[in-house]
**Q** 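Okay, here's the structure, questions in a sec.
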Amino acid sequence: MDFRELDRLDRRALLRGTAMLGAGAMMMRPLPTLAASGPMAAIRKAAEAGKEASVKRLRDWIALPSIAAENRNMAEGAAYMAELARDAGFSNVEIVPTDGQPGVFGTIDVGAPRTLGIYFMYDVKQFDPAEWSSPPLEGKMVDKPGFGLSIVGRGAVNQKGPEATFLAALHAIRAAKAKLPVNIVLICEGEEEIGSPHFRQVATKPNVLAALKKCDGIFIPFASQDKTGAVDVNLGSKGIIELELIASGEKWGRGPKGDVHSSLKAMLDSPAWRLVQALQTLVTPDGNTPAIEGWFENVRPLTEREKMLIREAAKGADEAAEKQALGVNVWIDNLKYDDALIRLAQEPTVNIEGLVAGYTGPGGKTILPGRAVAKLDLRLVPNQTRAEAEKKLRAHLDKHGFTDVEMNVSGGYDPTEVAEDSRLVRTELATYKALGVKANINARLAGSWPGATFTAPPVSIPAAHFGIGHGSGAHAPNEYYLIDSTNPKVAGMVDATMGFAEFLYTLAAIK
């Protein structure tokens, strides 16, 4: 998943796009729907008894980082994911090869009338151990003020912690000798952090596709609570394209093919300046609005109702705290807070992730680089598509005379949308209500995940996020996931386990 290190309160507010209706009180309370009569009391007892094993399972998983960008432990990560699935009760588990890194697929068929899809990613982002307060693969337990005892490690919250907690729910249901109320289809990938370039190959493999099409919907396990205990129910997410633009003397036919002495600039063209000039054509002079020809022709603006709901949500948010967390003094274009949130939800973006040319170490090195690289991400909104955006970017560069600038796309996917009246979303809202958790319906998450693989043909099922619990630091140093909560409004691992169990039983019962 694509997030940065923000406290969940700030992250939730800044990624939501719009916040809509409440679905219950903020305080966590015992599961009232099924605990009194039914299997929940036994499942909770089993979850508590299995907590140590669940934490160990997560710590062992953190110790095995699969990093697609570095081709690190990819086969091992897929094999371990398959082992975790079998251990949790999935059958017919297979490692699914692709033209890139493999996926994993498995099913649990209990003959139930309804079937739920679950999406996992087993890959994680890169990390620099020097930036961490404890080794990023150690899984050290650290107290997080305002939350409680948490496990620190790469992948702790994005997404191994929530995923391990969903597996803990399956273990607890089986240990309690309770009947699983729905069939489950598990689909996993190892390339989410590079834009899921080959995930569609996993989802459309004939036996996988047949299983997915039986699902009432699919969700990615999520640790979505902020300090108040509230969660978001997302009705969509922005799409993304990750790519590099490369300017070089070799391709351009001007400037040096390799680095040369900078004194020669007076008589040599510069590939680095060539790239800067190409980049500047992609946006308006302030850098805030894409200027690629035709970029907005298929963009679906937010409705007036969606805008109104964003403004209402902004009234209850802490703007000053969000600015402090982000280290900013003003919003883009000096917008008011509610207008900035509307823009966050509505606008596609062109962002420079990284810009590298020549020497970047200590001191100077007086060179004229022969090659310059910009790493970009393009955020897409409905009704844009990845294919359309890539075509328009290439056409734009060519039109402006930059035919020599290479465009290497590493991954990406379309935006995701899910209907508010779908059984999946109604089950989420009903589950949060049963748990006593306040839920805000969000029209569009500004972050991205490959949910469009499921919502678009040929799969064509609802896709969303679900889960209670807390964590933060995704993609950043000291990423963590809450295990033992000291905040009565926020779920620790056992309560989050019960949240997933409640969802399964609610899906089986909801009309």
Side-chain angles (χ1 to χ4, degrees), residues 31 33-34 38-40 42-43 46-47 81-96 103-122 159 162-189 199 202-222 418-419 422-431 434 451 453-455 458-467 496-511:
L31 300 167
T33 307
L34 299 170
M40 282 300 176
I43 294 172
M81 181 69 254
E83 179 184 335
L84 288 173
R86 293 187 188 98
D87 191 43
F90 287 92
S91 59
N92 305 313
V93 175
E94 62 176 294
I95 295 175
V96 182
V104 177
F105 167 71
T107 61
I108 300 178
D109 188 347
V110 295
R114 289 182 179 158
T115 301
L116 173 68
I118 299 294
Y119 166 87
F120 276 17
M121 49 182 280
Y122 64 84
Q159 288 296 119
E163 291 169 352
T165 303
F166 181 83
L167 295 177
L170 298 183
H171 281 277
I173 291 170
R174 185 169 57 183
K177 294 181 170 53
K179 180 177 173 57
L180 193 66
V182 295
N183 312 310
I184 301 178
V185 174
L186 176 68
I187 182 170
C188 319
E189 70 163 315
F199 182 53
V202 181
T204 57
K205 186 173 181 285
N207 63 319
V208 179
L209 177 60
L212 287 172
K213 289 178 75 69
K214 296 176 182 177
C215 295
D216 282 75
I218 188 167
F219 74 73
I220 176 174
F222 208 46
V418 59
S422 66
R423 182 174 285 123
L424 183 68
V425 172
R426 289 188 290 110
T427 299
E428 289 190 51
L429 292 171
T431 303
T453 303
F454 308 113
T455 57
V459 181
S460 303
I461 61 173
H465 306 76
F466 176 80
T497 299
M498 297 307 297
F500 287 126
E502 178 86 3
F503 183 98
L504 299 178
Y505 282 90
T506 301
L507 176 62
I510 199 166
K511 301 299 183 183

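Atoms considered below: every heavy atom in the structure, side chains included; atoms not considered: hydrogens, waters and symmetry mates.
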**Q** For the residue pair Val202 and Cys188, what are the closest heavy atoms and their distance?
**A** CG1-O, 4.3 Å
**Q** Decide yes or no for Ile118 and Glu163: does some side-chain heavy atom of the first lie under 4.5 Å from some side-chain heavy atom of the second?
**A** no
**Q** Quick check: closest heavy atoms across Ala47 and Thr497, and the distance to 0.1 Å?
**A** CB-CG2, 4.1 Å
**Q** Within the 4.5 Å heavy-atom criterion, are Phe105 and Phe90 side-chain neighbours or not?
**A** no
**Q** Please report the interatomic distance NE2(His465) to CZ(Phe219), rounded to the nearest 0.5 Å.
**A** 11.5 Å
**Q** Report the C-alpha separation of Asn207 and Glu94 in whole Å, then their side-chain angles, then the decisive distance to 0.1 Å, and conclude whether the side chain to side chain contact (heavy atoms under 4.5 Å, CB included) test is met.
**A** CA-CA 11 Å; Asn207 63 319; Glu94 62 176 294; 2.6 Å; yes
**Q** So Val104 and Val93, side chain to side chain contact (heavy atoms under 4.5 Å, CB included) or not? Walk me through it.
**A** CA-CA 7 Å; Val104 177; Val93 175; 4.1 Å; yes
**Q** Mind checking the OG1-CG spacing from Thr115 to Asp216? Nearest 0.5 Å is all I need.
**A** 7.0 Å
**Q** Quick one: sort the Tyr119 and Phe454 rings into parallel, tilted or perpendicular, breaks at 30° and 60°.
**A** perpendicular
**Q** Tell me, do Pro181 and Tyr505 make a side-chain contact under 4.5 Å, heavy atoms counted?
**A** yes
**Q** Going through the checks in order, is the side chain to side chain contact (heavy atoms under 4.5 Å, CB included) test met by Leu84 and Phe120?
**A** CA-CA 11 Å; Leu84 288 173; Phe120 276 17; over 6 Å; no
**Q** Any donor-acceptor pair under 3.5 Å linking the side chain of Lys179 with the backbone of Val110?
**A** yes
**Q** Drop me the distance from Leu180's CG to Leu170's CG, to the nearest 0.5 angstrom.
**A** 6.5 Å
**Q** So, for Ile108 and Gly89, which heavy atoms are closest and what is the spacing to 0.1 Å?
**A** CG1-O, 3.4 Å
**Q** Kindly indicate whether the side chain of Val185, heavy atoms from C-beta on, has any atom under 4.5 Å from the side chain of Lys214.
**A** no
**Q** Nearest heavy-atom pair of His171 and Asp87: which atoms, and what distance?
**A** CE1-O, 3.1 Å
**Q** Supply the atom-to-atom distance Met81 CE to Ile95 CD1, rounded to the nearest 0.5 angstrom.
**A** 10.5 Å
**Q** Calculate, to the nearest 0.5 Å, the distance between atoms CD1 and CD1 belonging to Ile43 and Ile173 respectively.
**A** 4.5 Å
**Q** Taking Ser91 for its side chain and Thr107 for its backbone only, find out whether a donor-acceptor pair lies under 3.5 Å.
**A** yes
**Q** Measure the spacing between CG of Leu507 and CZ of Arg426 and express it to the nearest 0.5 Å.
**A** 10.0 Å
**Q** Identify the residue among Ile510, Thr427, Leu504 that makes a side chain to side chain contact (heavy atoms under 4.5 Å, CB included) with Arg114.
**A** Ile510
**Q** Determine, stepwise, if the pair Phe500 / Leu167 fulfils side chain to side chain contact (heavy atoms under 4.5 Å, CB included).
**A** CA-CA 9 Å; Phe500 287 126; Leu167 295 177; over 6 Å; no
**Q** I want to check something: taking the side chain as every heavy atom from C-beta on, are Thr165 and Pro221 in contact at a cut-off of under 4.5 Å?
**A** no
**Q** To check you understand the geometry: which heavy-atom pair defines the closest contact between Leu116 and Gly217, and what is its length?
**A** CD1-O, 3.6 Å
**Q** Any idea which heavy atoms bring Ala172 and Ala46 closest together, and the distance?
**A** O-CB, 3.5 Å
